[in-house]
Amino acid sequence: MKKWKVLSVLIVLLIAAVYYYVELPAINIHSTGFWFFIIGIFVLLLAAYALRKRIRSRQDIGYREKRVFLIGGGIIGALVLIFVVGGVLSSPIVNAKKYRNLITPEDRDFSEDIQQINFNQIPLLDKDSAELLGNRKLGSMVDMVSQFEVSGLYSQINYQNKPMRVTPLVYASPIKWLTNQSEGIPAYIQIDMTNQETELVKLDKPIRYSEAEYFNRNIYRHLRFKYPTYIFDQLSFEIGDDGVPYWICPVKKFNIGLFGGQTIGRVVICNAQTGECVDYAIEDCPQWVDRAYPADLLVELYDYHGSLINGFINSVFGQKGCLKTTGGYNYLALEDDVWVYTGVTSVTSDQSIVGFVLMNQRTAETRYYAVSGAQEESAMSSAEGQVQNLKYHAAFPLLLNISNQPTYFMALKDDAGLVKKYAMVNVQKYQDVAIGDTVAECEENYVELLGQEGIAPGNTEDAQEITGTISRIAQSVIDGNSHFYLVLEGREEIFDVPVTDFLQVVAMEVGDAVKIEYAPGETVCTVLQLEKK
């Protein structure tokens, strides 16, 4: 009898060990997986006891057996009760104020903050387009394409002051893992989001810890055995300033009850080549790390703040002052960090935004900008309408400052997912759309459109003035209108002079001294005033 008792306990422990090795629940009371694990062990122990006793009917149950079942059932019931009550007490229903204060958005000035952004910091591609480029790049590598595939991670990072997406290779199949795992994964894909340049970076030391591994080198299992109590959020793949690949592993922190108010409390940085891990408090996270807070979590935190601003009951019924994000987001490289952009709208309206937020993925700093206008979906439809004959589709936009005007900027893609054109749409007047084959052409067309609509760039506060001698002059025709392009001695800027606005430019020649007031642009500056000295 004692032998069967020991055997049944060993079988339960074996099942629990296999479950733990496969599912990797954190040993932490804040983890729902941990509660299922513990309750499951007690259920298995009770079932094993019943099987050992070979109970066939209630008449076979003695006092001792009843006591065991009563205690075991009581423990299971108590655990389930604690789990359920803990979930309710952790919910926004009874903690609306705490959820609202998980983040504190700071009101910022749109023209002051966003004017600093240039097109070298703006991702011109989305994740879908990046995946196409990555797969195409690997397809050209004959020595690798038969053994490896490209992971679908494509983490957005800021690398050497440019927005990049990076993703590791993965084994093409379990058989390919079996034949290649001793040598590891030899490379990762790196895509410059500003110019679509795609590079397969071959490593001196292979990646040995990744999601593609099956046993102890699987990154999740590696982390679990090193940090059994940590509850990890979404992992991201990043590269350091020296190109070394790392896994950025944010650790969840629950601020409200057992399961509520999740933020990020710590970050574990794991070297993907060696498996070496370094554990940081979130406030000590290194500057080069770009994604400690997943974008979905940041959006969720702002939705809590916006919808619970006047309490839970108001968020369901009256909804006075309630706000929510628009449902989509994009990324912006700013101040050597990656920021999540999303629009903010009233919960009772789905046609316009009342502002937008930028949320820092490393620190969770949240900035709110009060800018009213069309919602992103409306702007996307308006841009698609300009190229409806080509059947291009708009990517989710960013909100930028172009000539001191809040402007949606987006890529236009064909059915194959390749970027073909770019569009700028005025937020307040989303019927005003400019299209260009390049970003510079799109910006130039947009600034010209603003002038035609009476939204004169000359009224902007960022206008600059310069005096110099013309060193080069060229002429072009855009949409039937003549433009002269001037370059001054000792300057790199190109000044765009529309003939319709400044007819005197026709008489100007190389060597003439001029005074120019202009609106700065990425490559071409729009002339606001022109005077021959």
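Residue indices begin at 1 and follow the sequence shown.
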Heavy atoms from other residues, nucleotides or ligands near CD of Gln428 exceed 12 (cutoff 6.0 Å)
yes
Under the ring pair (Phe, Tyr, Trp, His ring centres under 6.0 Å) test against His222, which residue among Tyr209, Tyr227, Phe232 passes?
Tyr209
Do Lys413 and Asp126 meet the salt-bridge criterion of a basic N to acidic O distance under 4.0 Å?
yes
Do any N or O atoms from the side chain of Ser381 and from the backbone of Glu377 form a donor-acceptor pair under 3.5 angstrom?
yes
Within the 3.5 Å criterion, strictly below it, is a donor on Glu213 or Trp177 matched to an acceptor on the partner's side chain?
yes
Taking the side chain as C-beta and beyond, is there a heavy-atom pair between Leu200 and Ile189 under 4.5 Å?
yes
Please check if the side chain of Asp233 supplies one atom and the backbone of Tyr293 the other of a donor-acceptor pair under 3.5 Å.
no
Flag side-chain contact, heavy atom, 4.5 Å: Lys253 against Arg266
no
Could you please spell out the steps behind the side chain to side chain contact (heavy atoms under 4.5 Å, CB included) verdict for Thr407 and Val427?
CA-CA 5 Å; Thr407 303; Val427 173; 5.6 Å; no
How far does OH of Tyr408 sit from CG of Leu400, to the nearest 0.5 angstrom?
11.0 Å
Measure centre to centre between the rings of Tyr171 and Phe148, then say whether the value is under 6.0 Å.
yes
Electrostatic pair Lys137-Glu131, nearest N-O below 4.0 angstrom
no
Heavy-atom side-chain contact between Asp279 and Tyr230 under 4.5 Å:
yes
Looking at Tyr329, is its backbone amide N or carbonyl O close enough to the side chain of Thr342 to form a donor-acceptor pair, meaning the two atoms are under 3.5 Å apart?
no
Centroid-to-centroid, Tyr220 to Trp247, below 6.0 Å?
no
Sidechain-backbone polar pair: Thr198 side chain, Gln196 backbone, donor-acceptor under 3.5 Å
yes
Over all heavy atoms of both residues, which pair between Cys270 and Ile219 is shortest? Give the atoms and the distance, please.
SG-CD1, 3.7 Å
May I ask you to decide if Ile175's main-chain N or O and Thr179's side chain share a donor-acceptor pair within less than 3.5 Å?
yes
Using a 3.5 Å distance criterion without hydrogens, assess whether the side chain of Asn95 forms a donor-acceptor pair with backbone atoms of Leu89.
yes
Give a yes or no on whether Glu276 atom CD has more than 12 heavy-atom contacts from other residues, nucleotides or ligands under 6.0 Å away.
no
Salt bridge present between Asp290 and Arg362 (N-O < 4.0 angstrom):
no
Would you call Asp437-Lys421 a salt bridge at under 4.0 Å N-O?
yes
Quick one about Thr325 and Asp303 (side-chain donor to acceptor, distance below 3.5 Å, no hydrogens or angles considered), yes or no?
yes
Verify the distance criterion only: is there a donor paired with an acceptor across the side chains of Asn255 and Thr263 at less than 3.5 Å?
yes
Counting C-beta onward and ignoring hydrogens, is there a side-chain heavy-atom pair between His393 and Met410 closer than 4.5 Å?
no
Just by modelled atom types, is the Leu125 backbone N or O under 3.5 Å from a matching donor or acceptor in the Ser129 side chain?
no
Donor-acceptor contact below 3.5 Å, side chain Arg221 vs main chain Tyr214:
yes
Shortest non-hydrogen contact between Pro25 and Arg224, atoms and distance:
O-NE, 3.6 Å
If you count the non-hydrogen atoms of other residues, nucleotides and ligands that lie under 6.0 Å from CD in Glu492, is the total more than 12?
no
Rounded distance (nearest 0.5 Å) linking atom CE of Met424 with atom SG of Cys442:
4.5 Å
Would Arg291 and Gln156 satisfy side chain to side chain contact (heavy atoms under 4.5 Å, CB included), going step by step from the backbone distance to the final call?
CA-CA 8 Å; Arg291 186 185 178 277; Gln156 173 99 28; over 6 Å; no
Less than 6.0 Å separating the ring centroids of Tyr341 and Tyr331?
no
Is a donor on one side and an acceptor on the other found under 3.5 Å between the side chain of Ser315 and the backbone of Phe312?
yes
CA sep, side-chain torsions, deciding dist, call: Glu106, Tyr368, side chain to side chain donor-acceptor pair (under 3.5 Å):
CA-CA 6 Å; Glu106 177 187 2; Tyr368 175 78; over 6 Å; no
Student check: side-chain heavy atoms of Leu412 and Ile435 closer than 4.5 Å:
yes
Are the side chains of Tyr20 and Pro228 in contact, using a 4.5 Å heavy-atom criterion?
yes
On a heavy-atom basis, the closest approach of Glu238 and Val289 is OE1-CA, 3.7 Å
Which is it for Asp337 and Gln287 under the side chain to side chain contact (heavy atoms under 4.5 Å, CB included) test, yes or no, and what are the steps along the way?
CA-CA 8 Å; Asp337 278 317; Gln287 176 72 35; 3.7 Å; yes
To the nearest 0.5 Å, how far apart are CD1 in Ile27 and CG in Leu24?
10.5 Å
When you look at CZ of Phe396, are more than 12 heavy atoms from neighbouring residues, nucleotides or ligands closer to it than 6.0 Å?
yes
Any donor-acceptor pair under 3.5 Å linking the side-chain atoms of Tyr422 with those of Thr438?
no
Identify the heavy atoms of Tyr302 and Leu323 that sit nearest to each other, and give their distance.
OH-CD1, 4.1 Å
Separation of Leu332 CG from Trp339 CH2 (nearest 0.5 Å)
9.5 Å
Minimum heavy-atom distance Gly321-Ile309, with the two atoms named
O-CG2, 3.4 Å
Looking at Lys176, I want to see if its NZ is surrounded by more than 12 non-hydrogen atoms of other residues, nucleotides or ligands under 6.0 Å.
yes
Take Thr345 and Val354, measure what side chain to side chain contact (heavy atoms under 4.5 Å, CB included) needs, and give me the verdict at the end.
CA-CA 5 Å; Thr345 183; Val354 297; 5.7 Å; no
Ion pair Lys162/Asp192, N-O distance below 4.0 Å:
yes
Atom pair CG/CG of Leu450 and Asp432 - distance to nearest 0.5 Å
7.5 Å
Tightest non-hydrogen contact, residues Ala333 and Asn158, listed as CB-OD1, 3.6 Å
Is it the case that atom CG in Asp284 sees more than 12 heavy atoms from other parts of the structure closer than 6.0 Å?
yes
What is the distance from atom OH of Tyr280 to atom SG of Cys285, rounded to the nearest 0.5 Å?
8.0 Å
Within the structure provided, determine whether Phe409 and Pro397 are in side-chain contact (heavy-atom separation under 4.5 Å).
no
Is there a donor-acceptor contact under 3.5 Å linking the side chains of Gln181 and Arg208?
no
Output yes when a side-chain donor or acceptor of Ser151 lies under 3.5 Å from a complementary backbone atom of Leu153, and no otherwise.
yes
Which residue, Phe34, Phe36, Phe37, forms the ring pair (Phe, Tyr, Trp, His ring centres under 6.0 Å) with Phe83?
Phe36
Heavy-atom side-chain proximity of Leu358 to Thr366 below 4.5 angstrom
no
Hey, what's the ring geometry for Phe356 with Tyr369, parallel, tilted or perpendicular (30° and 60° as the breaks)?
parallel
